[in-house]
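This report concerns only the one structure given below.
Below, each value reflects all heavy atoms present in this structure, side chains not excepted, and no hydrogens, waters or symmetry copies. Numbered from 1 within each chain, the chains take letters A, B, ... in sequence-line order.
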Amino acid sequence: MTAYRDCPEARWFPSRYRFALPRLIAYVRSRFPTRPRADVDHIMLTIDRDQTVGEQYPISVWMLASVTCYVAAVLHVRWLAVAPFIAIALMQLTIVSVGIIGPLHENHLHRTSMSLFGLMFIASAWFAMSKSPVRYVAWFFLGIAGLNAMAFLVMIALRKSVRELERRCEP
Amino acid sequence: MSRFHVRGVFWRQLLVFAIHNVPAWIQPMILAFWCLFFLTWGTGRRGVMRNLKSIKPGSTTIVNFFRCYRVFWNFAWAMADAVCFKERGIMPDFEFVGWQHFEAMQRSGGAILLTAHMGSYDLGAQLFAENSSQRIIMVRAPEVDPKTREFEEARLSDKVQTEFNVKATDLALDLLRAIRDGGIVAIQGDRVTPGVSDLPATLFGRTTRLPAGPFALGMTARVPIYPIFIVRRGRRRYRLVACEPISIGATRDREAAFSEAMAKWTRELERVIRASWYQWFMFEEMA
């Protein structure tokens, strides 16, 4: 595990982000100066791909909201209130089903992540073809996924520059 | 105790499973759901809500119910972050406030670190162990459920020595020896567990009892007591707040010395809890 001490610039290092689009945004942001923290004596920033709240919380809310919309689209109107609970239960069911394959205390994060995104793609592609308003949710998901794919290609082209950038905090 | 009881081993096992299987980008929503589920734990919920009533006088039950959810939410994250570190070695971001007191503690040959059930005690001790050459001994109450205790003990870090305050007299002698050898003893001073000697104190205007051990140890070993709090500031982000040390010299009037030290400690404790009430993980009502 890498951690940088007293280097506020590390906050915007692309390697602290999971997905290509937030990584690209962080890369652009890191080109601007970062104000040093005056309210604390020292800081220690860890380099891990899941470290940033600004990325994880919105994605989490967006994913649950999308699944809730898909569930609501197939439910009878009087069951709409339970749609978020069914959505979260479905997501957890997927995680547990994938997670129990193989040793229990081994890291299956990549596998569960790919399964969830795979199912979301299938569901979004299905609902995108429907006539109901849920198609906007599906198209939004597919649109963001497409943007992320483009950002991924840009990040490949920028990889040397990113490496240079992240050397800034090395002692 | 049933494995499905709130303090049972099942929930610890489930958390470890979740850390290995739930992608970080969906964790907030899943945690939010489980915090809602744990609000059905009446004893814990009532304990938190009654304590909130003392911390925030004049607050209403309905508002404290939502505040209680926030306490559960922070507790869940603190637990998840600690397990994430133990299982996957991922350390959160840290901020340090009161660095001069940290340095003073490191320079002193042996000290007592007095803290509270806030943020992540485990992570704070780990961070300290990684950045200090001093030996750190963490004193904690054992888990109530034997299976949970076994599960947790199997996962103890090798960098931090953990002692359980089950036999207070034997432990006191070991801790005294450790301090005299230049070690740091970390104790939680905001809750009394059965079998632990206590002292009267006033917290948020209520008469309560807090552990006497840290003060007795400080007086016997003649070392300062450093109040240090690990405050959760957001997702995988913690702040270590070190306060001015409390000195407790050997005197004939032990009662007065203890009472003065306790007053200083409760003042710091109140200040930090008042500012971060949403992460005082005190699920029992203050005695």
Quiz item: With a 4.5 angstrom heavy-atom cut-off, which part of B:F33 approaches chain A: side chain, backbone, both or neither?
Solution: side chain

Quiz item: For B:L36, is it the side chain, the backbone, both, or neither that has a heavy atom closer than 4.5 Å to a heavy atom of chain A?
Solution: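 Interface part for B:L36: side chain.
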
Quiz item: Can you name the residues that form a salt bridge (charged side-chain N to carboxylate O under 4.0 Å, His left out) with A:R18, not counting sequence neighbours?
Solution: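 Applying salt bridge (charged side-chain N to carboxylate O under 4.0 Å, His left out) to A:R18 gives A:D50.
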
Self-check item: Contact residues of residues 225-235 of chain B (partner chain A; heavy-atom separation under 4.5 angstrom)
Solution: B:R232, B:R235

Quiz prompt | Close approach to chain A in residues 96-109 of chain B, criterion heavy atom under 4.5 Å | solution = B:F96, B:V97, B:G98, B:W99, B:Q100

Are [X] and [Y] linked by a side-chain donor-acceptor pair shorter than 3.5 Å?
| X | Y | value |
| --- | --- | --- |
| B:W34 | A:Q92 | yes |
| A:T46 | A:Y4 | no |
| B:H20 | A:N107 | no |

Most heavy-atom pairs under 4.5 angstrom with chain B, which of [options]?
| options | answer |
| --- | --- |
| A:R37, A:R111, A:M44 | A:M44 |
| A:V98, A:I59, A:I100, A:D39 | A:I59 |
| A:L64, A:V61, A:I88, A:V53 | A:I88 |

Quiz item: Which value, rounded to the nearest 0.5 Å, describes the distance between B:W25 atom CH2 and A:R49 atom CZ?
Solution: 13.5 Å

Quiz item: Distance from B:L31 atom CG to B:F38 atom CZ, nearest 0.5 Å?
Solution: 10.0 Å

Quiz prompt | B:Y69: partners by ring-ring contact (aromatic ring centres under 6.0 Å, His included), with sequence neighbours left out | solution = none

Looking at [Y] and [X], is there a salt bridge between them, counting it only when a charged N and a carboxylate O are closer than 4.0 Å?
| X | Y | result |
| --- | --- | --- |
| B:R3 | B:D145 | no |
| B:D93 | A:R11 | no |
| B:K86 | B:E152 | yes |
| A:D41 | B:R239 | no |
| B:K147 | B:E150 | no |

Quiz item: Hey, mind stepping through A:S161 and A:R31 against side-chain hydrogen bond (donor to acceptor under 3.5 Å, both in side chains) and telling me if it holds?
Solution: CA-CA 11 Å; A:S161 174; A:R31 297 271 140 196; 3.2 Å; yes

Quiz prompt | Region of A:L45 that comes under 4.5 Å of a non-hydrogen atom in chain B | solution = both

Quiz item: Relative to chain B, which segment of A:E55 carries a heavy atom at a distance below 4.5 Å: side chain, backbone, both, or neither?
Solution: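 Nothing of A:E55, per the 4.5 Å heavy-atom cut-off to chain B.
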
Quiz item: B:V16, B:N21, B:L127, B:I19: which one forms the most heavy-atom pairs within less than 4.5 Å of chain A?
Solution: B:N21

